[in-house]
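Everything numeric here is computed off the predicted structure, so don't read it as measured data.
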Amino acid sequence: MQRFIVLLTTFFCLIALSAQEHRAIKPKSWLLQTFQPGPGNTLAYSGEWQEVPYTASINELIDAGYRFLDSSGMPIKANEVENHYWRYRAELPEMAEAAKFKNVAFRMASPEPAAAYLLNGQQIGVGQSTQLPILNIIPTSTLAGENSLFIAQLPSLKDAAKLYFPLSGSTEWPADNDTANPKGSVVLRKPPVQFGWDVAPRRVLNGLGSEPEFIPFDNMLVVDVFTTVDYKPGNKAKINLHWVIRADSAIDIQLRAGMNSKSVVDTLMRLSEGQQEYIMSFILENPVLWQPNGQGWHHLYKLDLLATHGRERFMKELTFGIRDIQLERVNDNKGESFRFMVNGKPVFMKGSNLLPQQGFHSEEQRKKLWEGPNSLVNQMAVAGYNMLRVWGGGGLMPESFYKQCDELGILVWQDLMYSGTVYPYNGFWKNRALTEAVSVWKQTRQHPCMALYCGNNEIDVALKHWGWDKTYSWDSTDKAFMQDQYRQMFEEDFSRIFEKGNVNYLPSSPVSNWAPETEMARGDNHLWYVWHGERPLQDFDTKIPRFASEYGLPSWPSLECVRKYFGSDKPESRMLSYKGLKLLNGYMVTEFGALPKDTLSTILLSQYLQARVLVRAYRAHKNDSNCGGSLYWQANDIWPGITWSTVDFMGNKKAAWYPIWREFIGVTNSSFNPKLDKSYLKQVKFTAKRKGDYLTIKVGKEWLMGLMILKDVKLLDIIGNVVDLSPGTTYKVLLPENIGEIQIATAWGLLNGQGLLPK
């Protein structure tokens with residue numbers, strides 16, 4: 001079958017090029033300066049040009065020791081980058097080779113909002129959103145002998161006030177996380193967490209974002225290529241191969257696709273001038289289905305693609321999976337269900353929420369966390385996770401993340417980049433928002449891991465329950481305006497986009513609130529009666545939603561992280577929740593009867609408490625047949641603080657990681673009892689002996705609570721080292737090779753100054 005579809009709207013054309021990386025020209029070195037504009041086109045101040053390497057943000061450069069001075073001669077701090085004007089410059093001698101072609105495609109995969117891109121003084125793009133790629137075609141006849149790329153980055157806050165707020169229709173947007181004036185997070189399309197949250201302080205990133213690329217071509221530019229699958233239970237699947245191609249003129253093009261060294265598509269096609277979509281199909285007999293982690297094999301098919309026209313060749317390996325994922329939301333005698341059906345079967349979702357990959361980490365730290373065989377995603381797959389929610393305070397994760405989820409069978413719940421406030425949605429804003437939503441879908445649609453797109457984080461529940469009308473003194477007109485902006489954007493227009501793509505869409509998470517309790521009878525829920533509601537931990541046993549998409553308790557990071565990053569800071573300054581350390585300490589006193597007296601004991605006992613909370617909640621959710629899933633808050637950190645993460649800023653696992661691992665993989669004899677109270681917290685007689693590769697622990701007549709095995713005061717990265725042991729237990733731990741000295745801590749010992757026992 002062969003046919004073509006002319007794209008109906010201009011914003012459906014705005015997607016990143018998918019390949020031809022081997023031909024891309026990238027700047028090899030950068031110069032950077034800060035400046036201050038003067039009257040007209042003059043400069044009131046320009047700093048020294050400095051040669052810098054590629055980094056996503058200028059903030060990272062300053063962290064690494066680069067020094068830029070403002071107009072008064074003072075060094076600019078990393079958290080002040082957003083308040084300054086910046087210019088990048090790069091020479092492109094390689095563009096001389098590009099002149100042998102008729103055109104060059106300029107691409108920015110993740111541009112900076114409010115950044116202007118100029119080649120030889122001519123504007124070739126303007127950044128609108130970190131999630132909206134730039135693609136612009138430049139005739140090579142316009143290239144000069146010496147080609148220079150300039151990028152001018154305007155101050156985030158000043159730019160928002162000057163350019164965007166007059167267009168927004170209001171000056172009082174309820175972005176409570178954003179303490180600046182005006183609240184630039186509402187109109188600047190950057191991850192909302194950059195403007196401040198309870199998981200990280202304000203740090204608005206400005207800089208390059210992604211690396212600019214120039215791709216030479218004559219008449220044929222493959223803008224995108226992707227598959228869609230028509231599959232119903234049976235023995236056949238129809239695979240539709242979509243080519244989105246820009247032709248400089250009417251041309252003939254050979255399109256080929258092969259699978260397992262066999263041709264499935266080989267067509268000579270006449271292309272019309274301009275950009276169009278061409279679809280060709282083939283049938284797969286007896287397809288192997290992609291299954292989630294723990295349910296079977298996550299089978300991926302591979303297509304080898306080739307498009308040729310004259311000397312132009314486009315090659316790409318494209319993977320796809322065949323699966324059916326449906327979000328079931330039906331009324332029943334308990335309320336309304338919320339569960340995922342995968343290939344016709346209900347699958348209980350177990351996993352966590354992810355914070356964005358950029359923030360305070362360096363590029364090296366991010367790669368260590370998200371790439372390679374020891375990436376966090378790989379470790380989660382081993383630990384039994386089958387779903388991760390990409391939180392709306394962040395945005396898109398790197399492409400490597402989605403590829404790993406495909407390969408490992410981890411489903412992705414993808415929030416769009418909206419959180420905690422109403423957003424303007426009229427005129428200019430509507431067009432930009434629709435363009436961005438389509439772009440997010442197009443950048444991720446090839447991945448079989450994609451299970452759900454969600455319009456925003458907590459805006460619907462905030463409109464109903466957070467008292468914004470009183471806080472911001474809205475009259476009936478103001479309130480109706482805000483509600484109408486929300487409804488049109490998330491419930492109507494975005495819904496149509498994802499319905500057109502035939503994918504699951506949820507306007508907002510959560511569907512229901514944690515109070516009153518009747519709200520938990522439907523949809524997904526963010527369970528914050530424990531912590532924000534200051535309710536006792538026992539509530540997790542009885543207050544069970546239809547789907548838990550957030551819940552948790554904060555804990556301290558590792559001692560290594562505290563020593564490296566806390567410095568002279570008071571611990572209170574490293575806990576950004578408005579509830580503060582007072583509430584966390586209160587939970588510790590309630591559960592254990594007292595507080596530890598030293599930092600290390602506080603770290604370990606807070607982590608042990610967090611582990612008990614997460615296991616307690618997960619068991620309640622898993623054991624209730626009406627609950628469809630349990631995603632705790634949160635997996636990772638973007639800032640070294642006292643947060644809800646189970647892996648701290650440095651990548652060290654907290655105590656909760658290990659019992660959660662055992663729960664997720666279904667260990668039935670897990671020695672961890674999250675319901676033990678302080679009456680069991682006693683000095684217990686036990687012996688610990690090492691022999692060969694094993695540590696053997698024998699317990700006396702009392703419960704041994706909060707056993708933790710450590711090396712260099714870090715929790716050992718082996719399964720089973722954070723446990724409670726029942727009376728008369730013999731517990732064997734397999735130690736890593738060449739482990740050296742280890743130490744043992746117990747909850748009683750941490751509270752009573754016993755410290756660590758060397759073994």
(Q) I need the Trp441 CH2 to Met450 CE distance, nearest 0.5 Å. (A) 12.0 Å

Q. Would a 4.5 Å heavy-atom cut-off, applied to side chains only, mark Tyr453 and Phe494 as touching?
A. no

**Q.** Greater than 12 external heavy atoms within 6.0 Å of Asn502's CG
**A.** no

(Q) Can you classify the ring geometry of His621 versus Tyr551 as parallel (below 30°), tilted (30 to 60°) or perpendicular (above 60°)? (A) perpendicular

Q) Say you draw a straight line from CG of Leu376 to CD of Glu371; how long is it, rounded to the nearest 0.5 Å? A) 13.0 Å

Q: Taking atom CG of Asp624 as the centre, report whether more than 12 heavy atoms of other residues, nucleotides or ligands fall under 6.0 Å from it.
A: yes

Q.
Among Asp230, Ile283, Ile322, exactly one meets side-chain contact (heavy atoms from CB on, under 4.5 Å) together with Ile239. Which residue is that?
A. Ile322

Q) Under a 4.5 Å cut-off applied to non-hydrogen side-chain atoms, are Leu614 and Thr646 in contact? A) yes

Q: Answer whether the closest heavy-atom distance between the side chains of Ser509 and Arg389 falls below 4.5 Å.
A: yes

Q | Any Val723 side-chain heavy atom under 4.5 Å of Met708 side chain | A | no

Q: Given salt bridge (Lys or Arg N to Asp or Glu O under 4.0 Å), test Arg546 with Glu336 step by step and report yes or no.
A: CA-CA 8 Å; Arg546 304 308 297 268; Glu336 181 193 66; over 6 Å; no

Q.
Evaluate Gln379 against Lys653 for side-chain hydrogen bond (donor to acceptor under 3.5 Å, both in side chains), listing each step before the verdict.
A. CA-CA 11 Å; Gln379 295 180 61; Lys653 296 178 180 66; 2.3 Å; yes

(Q) Run the salt bridge (Lys or Arg N to Asp or Glu O under 4.0 Å) test on Lys403 and Asp406 for me, step by step, so that the C-alpha distance in whole Å, both residues' side-chain angles and the decisive distance to 0.1 Å come before the verdict. (A) CA-CA 5 Å; Lys403 287 182 178 178; Asp406 288 343; over 6 Å; no

Q | Asp415 and Asn456, any side-chain heavy atoms less than 4.5 Å apart | A | no

Q: Applying side-chain hydrogen bond (donor to acceptor under 3.5 Å, both in side chains) between Ser129 and each of Glu436, Lys190, Arg189, report the one that passes.
A: Glu436

Q | Name of the residue among Val225, Thr228, Thr227 meeting side-chain contact (heavy atoms from CB on, under 4.5 Å) with Gln446 | A | Thr227

Q: For the residue pair Phe664 and Tyr385, categorise the inter-ring angle as parallel (less than 30°), tilted (30 to 60°) or perpendicular (more than 60°).
A: perpendicular

Q. Does Arg445 make a cation-pi contact with Phe226 (under 6.0 Å, within 45 degrees of the axis)?
A. yes

Q. Has Glu364 got more than 12 heavy atoms of other residues, nucleotides or ligands less than 6.0 Å from its CD?
A. no

**Q.** More than 12 heavy atoms of other groups within 6.0 Å of Lys367 NZ
**A.** no

(Q) To the closest 0.5 Å, what do you measure between NE2 (His447) and CG (Leu411)? (A) 14.0 Å

Q: Give, for atom CD1 of Ile718 and atom CD1 of Ile709, the distance between the pair rounded to the nearest 0.5 Å.
A: 5.5 Å

(Q) Within this structure, what is the CG-CH2 distance for the pair Asn636 and Trp644, rounded to the nearest 0.5 Å? (A) 13.5 Å

Q.
Could you measure the distance from the CG atom of Leu388 to the CH2 atom of Trp413? Nearest 0.5 Å is fine.
A. 12.5 Å

Q.
In terms of relative ring orientation, are Phe360 and Trp639 parallel, tilted or perpendicular, with 30° and 60° separating the classes?
A. tilted

